[in-house]
Amino acid sequence: MKLVYTDVLVIGGGLAGLRTAIGVKKRGLEPIVLSLVPPKRSHSAAAQGGMQASLANSAMGSGDNEDVHFEDTVKGSDWGCDQQVARMFVHTAPKAVRELAGWGVPWNRVRQGEREAVVNAERVVISESPEAHGLITARDFGGTRKWRTCYTSDGTGHAMLFTLGDQSIADDIPVMERMEALSLIHDGNRCFGAIVRNLVTGELTAIVARATAISTGGYGRIYKVSTNGIICEGTGMALALETGVAELGNMEAVQFHPTAIVPAGILTTEGCRGDGGLLRDVDGHRFMPDYEPDKKELASRDVVSRRMTEHMRKGKGVKSPYGDHLWLDISVLGREHIEKNLREVKDICNYFLGIDPAEDWIPVRPTQHYSMGGIRTRHTGESTTLEGLFACGESACWDLHGFNRLGGNSVAETVVAGMIVSEFIADYCQSGKSEIDIPTALVREFHEREENRINALLQASGDERVTDLRREMEEIMIEKVGIFRTGPELDQAVEELQDLLKRSRNIGMSSRVAGANPELVAAYRLPKMLKIALCVALGARERTESRGAHYREDYPRRDDSSWLKRTLATWPDADAELPRLAYEDIDVMKMELPPGFRGYGTRNHLEHPDTTARQEEVERTQKRLEGADRFTLQETLMPFEQLLPERYRGRNERLEEPNSSA
Amino acid sequence: MQANPWNLIMTETAPRTLTIKILRHNPQDPESEPRFEAYEIEEAPGMTLFIALNAVRDRFEPSLQFDFVCRAGICGSCGMLINGRPGLACRTLTSKLGPEITLAPLPVFKLIGDLSVDTGAWAREMGERLKTWVHRQEQTDVDQLEERMDPDRAEEIYELDRCIECGCCIAACGTARMRKDFVGAAGINKLARFRLDPRDERSDDDFYELIGNDDGVFGCMTLLGCNDVCPKELPLQTQLAFMRRKMVAVK
């Protein structure tokens, strides 16, 4: 048995994983990053539009700060998020942008003087102040009250990922490429690393670590059409689930992005609409103002995606051999703007659709995009139930996004969570708690189990084909666990997925190569993906309300009185065909922003019994502290600073808030 | 707008039968010999080589190796020789090619198997050797206003920062075939990017140490295959010439 020891095993080499590894390395620990692909190929590279941080440099961001970003994020989440985590996040996001600026990300900058922009289909003139010249600028995104999304053209994820990738080389951090974790080594209480497989040679290695961090992104590929890269199969979350101990949170919260191209499902950034692009129907009519008179195309993604689907159901979609779609019109922005700020979009239109978006409208429809749910962790990133296991980024649920994530908040979350969680991992590793005293017999047991599993698969001669089962799963998810959900369909989905899980135990393989073997890889990932799909479908079936991206046509109201809680899924019995669900209440009495109307979508929620009391309490505090600065008020309502690592507690300087008060 | 050209692409009738010829070899298997194998599939509207190769794997050859991640022309995983020319397979529409399509792995790089090559190890080695990160003494104070940068300069840096390290320029490079340590257009462009960056404190003397030799700017034979094939249309010709001029000026 090949055995490697390290301080911190980071599974996943995207933005969250790399920033975590850099963080622990800076604290003097030895990390190893494990990655399915070369890290710069990670799906983080596909993030286009930008990351939110309340720098407030540009004229349209004037007056922005942590408070506004916090409120937008909580409303976006439909009150499903952990408000303390949201506070930690909005406080650290400006630091993350500035850190990345120091490392070389070429953020677009404010240019003093007047410039033209398109807002609400009209050309307006924006005047930037000389004081802001050369500072980091921002664009508009959905569900935000200020222009807050920092960007580099529409290649923000690429620029960030390459900067962090190169920084990890500068810091001499080893990356094991083309390696896949098959299972976590644990004793039911504590995680000790993972059994990993070399995807080229097939060799298995046991990596024993004081701390293990999972940052493997989302599970978009359990759906037939997704904007996600093809490696986003949720297998990282499944590693945690298959311990039987670690919990997954809110797996039914799945985001559909309004504007992926048809039929390929490739994303065109929200920056298209943020910069002034419009949605049009079969008649060329701009329909969003009919549904959302206030935010129009820039309501939150869950709302826009539902409105688009609703509009297509009324027969207003454009017919195509690949089903109905709508149009995204960015021709209104002009060629110069597109070629400078939306060049990836232009490339995608050119190569995949054969059109020029400066002239032609883009065929789009809502498509699976993001997993709000993930490995349930505390604010430190550590699993609530399995010591020594950490998670951050899309694969985690600490829980910043609740039931809907704002555009620009996920790219920001990757690096912010990496910054914060790496500090807690380092604290853990530098405390006595992290000492490892496991017998090698336990490591061997896990190693043998994986070895046997693979050998059995290589010999498997059952009747079922992996690709068929997988296709069925993808169809079920898109047909029955999509944007609009109903009880009967979800019942069917759960039943059919269970059946697929059973059938997946009767696979037949045609390729018996022990080394590089795509069929084998698909075969051992399939049950993992099915278990994740079951967590999503069962969570959705049980949640008899509508919140954020989870929309039940049979329960269209947000029901705070019964459902202001987080779904927790575990899989205690490996042979079972369903996860076990439990629920965790979200405490209204501790909220800084008690539940209310989001300002977009439909206003028809059922109140939680504590909401009025908490609302009155908040108002009393606001009145009592009238005239106090915003920091005092915030701290009185919901203290969070003590939760942050010490080095990130400082106040963020802005032009409008010089850092003398710090 | 109903005459959108997309409609025409998607509704093309009379599907063609495509013959996909793939150069296959598995270096892990001592009995494997490099050979071409051909597969026939029916073309679908809007089909890309990503879709076509998955169809081949699904129907005929479950062990066929190739690399895709984003399948959107962004991540750089799927560089290969498409009818002899380096390019990104994921964003190549089969409709732009003839009915017989020949695919081979990118040359120069270590072969993993079939169409999969190890561009990851190459990129890491390039980063280590050319020290492709911002070199500066001062630590950023993340609580303070960020350092200002000229907006045009930021855009110029991004222009060069768009390289996705797909390896197409190396596969198209005559020098790289002859000199295994040649840094290639990707490496030289990358240093041009850091040279342009006011945050990087390195001087031309420092860059000369890295590329002022025949494995660097002076090895380039100016055949400029790199410039012809770069999927991101980076200004490689200009950057090669520019860096060579700057390096010549170093005493």
Side-chain angles (χ1 to χ4, degrees), chain A residues 37-38 40-41 43 45-46 95 98-99 101-104 106-111 134-136 152-153 155 158-159 162 166-167 169-170 177 200-201 229-231 263 266 284 320-321 344 347-348 351-355 360-361 363 467 510-511 513 515-519 650-653 659 662, chain B residues 1 4-7 9-11 26 28-29 45-46 48 57-58 62-65 67-77 91 93 112-113 119-121 123-124 127-128 131-134 136 139-140 142-151 154-155 157-158 161-162 164-165 197 199-200:
Chain A
V37 295
K40 287 174 182 167
R41 314 263 189 247
H43 185 58
K95 302 180 202 304
R98 287 169 175 163
E99 177 180 81
W103 283 339
W107 298 113
N108 279 58
R109 301 287 170 147
V110 178
R111 190 188 305 271
L135 294 175
I136 294 167
T152 56
S153 183
H158 162 85
F162 272 59
D166 285 333
Q167 196 61 39
I169 297 175
E177 296 178 3
V200 179
T201 64
I230 61 160
I231 55 172
I266 295 168
S320 90
E344 296 300 333
D347 269 4
I348 286 164
Y351 284 102
F352 294 92
L353 299 169
I355 64 168
D360 308 309
W361 297 348
T467 44
S510 55
S511 171
V513 187
N517 183 340
E519 190 187 16
R651 286 193 186 164
N652 298 307
E653 187 177 39
N659 222 352
Chain B
M1 274 298 167
N4 188 309
W6 176 76
N7 288 340
I9 293 177
M10 291 297 148
T11 50
N26 179 8
Q28 299 283 324
D29 174 2
T48 60
R57 185 191 268 175
D58 188 29
S63 65
L64 182 66
Q65 294 185 61
D67 294 321
F68 291 98
V69 177
C70 76
R71 59 79 175 90
I74 289 168
C75 77
S77 297
R91 68 176 202 187
L93 290 168
I112 289 175
T119 49
R124 172 86 188 200
E128 287 170 356
K131 305 191 190 309
T132 55
W133 54 89
V134 164
R136 62 185 285 149
Q139 286 276 327
T140 307
V142 295
D143 295 340
Q144 305 295 320
L145 278 192
E146 63 275 12
E147 206 173 297
R148 286 163 204 270
M149 185 186 279
D150 177 62
E155 285 176 15
I157 295 170
Y158 177 66
D161 197 64
R162 294 176 68 241
I164 54 175
E165 297 180 0
D197 196 324
R199 296 166 291 201
D200 196 318

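Chain letters run A, B, ... following the sequence lines, proteins first, then strands; residues in each count from 1. Computation of the quantities below employed the complete heavy-atom set of this structure, encompassing side-chain atoms and omitting hydrogens, waters and symmetry-equivalent molecules.
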Query raised in the report: Among A/Arg109, A/Lys40, A/His43, who wins on heavy-atom pairs under 4.5 Å with chain B?
Result: A/Arg109
**Report entry** Atom pair CD (B/Glu165) and CZ (A/Phe162), whose distance is rounded to the nearest 0.5 Å
**Finding:** 4.5 Å
**Report entry** Under 3.5 Å donor-acceptor, B/Arg136 side chain and A/Trp103 backbone
**Finding:** no
**Report entry** Top of A/Gly515, A/Ala101, A/Ala45 for chain B proximity - count of heavy-atom pairs under 4.5 angstrom
**Finding:** A/Ala101
Query - For B/Tyr158 against A/Ser153, the heavy-atom pair lying closest together - result: CE2-CB, 3.3 Å
Report summary line: Applying salt bridge (Lys or Arg N to Asp or Glu O under 4.0 Å) to A/Arg111 and not counting sequence neighbours gives B/Asp152, B/Glu155
Requested in this report: Hey, could you give me the CD/CG distance between A/Glu653 and B/Leu145, rounded to the nearest 0.5 Å?
Outcome: 4.0 Å
Report task. With a 4.5 angstrom heavy-atom cut-off, could you sort out which part of B/Asp197 is near chain A: side chain, backbone, both or neither? Result -> side chain
Report summary line: One option among A/Val200, A/Asn652, A/Val513, A/Asn517 has the most heavy-atom pairs under 4.5 Å with chain B, and it is A/Val200
Report summary line: Turns out that what part of B/Thr48 lies under 4.5 Å from chain A's heavy atoms comes down to side chain
Query - Portion of A/Val37 that has a non-hydrogen atom of chain B nearer than 4.5 angstrom - result: side chain
Query raised in the report: With no hydrogens and no angle check, is any side-chain donor or acceptor of A/His158 less than 3.5 Å from a backbone partner on B/Asp161?
Result: yes
Report summary line: The interface call for A/Glu177 against chain B, heavy-atom contacts under 4.5 Å, is side chain
Query raised in the report: Out of A/Ile266, A/Thr467, A/Asp347, which one racks up the most heavy-atom pairs below 4.5 Å with chain B?
Result: A/Ile266
Query - Which of B/Asp67, B/Val69, B/Val134 touches chain A most, by non-hydrogen pairs under 4.5 Å - result: B/Val69
Requested in this report: State which residue, out of A/Arg651, A/Lys95, A/Arg98, fulfils the salt bridge (charged side-chain N to carboxylate O under 4.0 Å, His left out) condition with B/Asp143.
Outcome: A/Lys95
Query raised in the report: How close do B/Leu64 and A/Pro518 get, heavy atom to heavy atom, and via which atoms?
Result: O-CG, 3.4 Å
Query raised in the report: So which of B/Cys70, B/Gly127, B/Ser63 has the largest heavy-atom pair count under 4.5 angstrom toward chain A?
Result: B/Ser63
Query raised in the report: Roughly how far apart are B/Arg71 CZ and A/Ile231 CD1, rounded to 0.5 Å?
Result: 12.0 Å
**Report entry** Top of B/Cys75, B/Gly120, B/Pro151 for chain A proximity - count of heavy-atom pairs under 4.5 angstrom
**Finding:** B/Pro151
**Report entry** Atom group of B/Arg57 that falls short of 4.5 Å from chain A, counting heavy atoms
**Finding:** side chain
Report task. Mind listing the closest non-hydrogen atom pair of B/Ile164 and A/Arg41 along with its distance? Result -> O-NH1, 2.9 Å
Query raised in the report: Quick check: does any side chain N or O of B/Arg199 sit under 3.5 Å from a backbone N or O of A/Gly104, one acting as donor and the other as acceptor?
Result: yes
Query - Backbone N/O of A/Ile136 and side chain of B/Glu146: donor-acceptor pair under 3.5 Å - result: yes
**Report entry** Which portion of A/Ile348 sits near chain B, non-hydrogen atoms under 4.5 angstrom
**Finding:** side chain
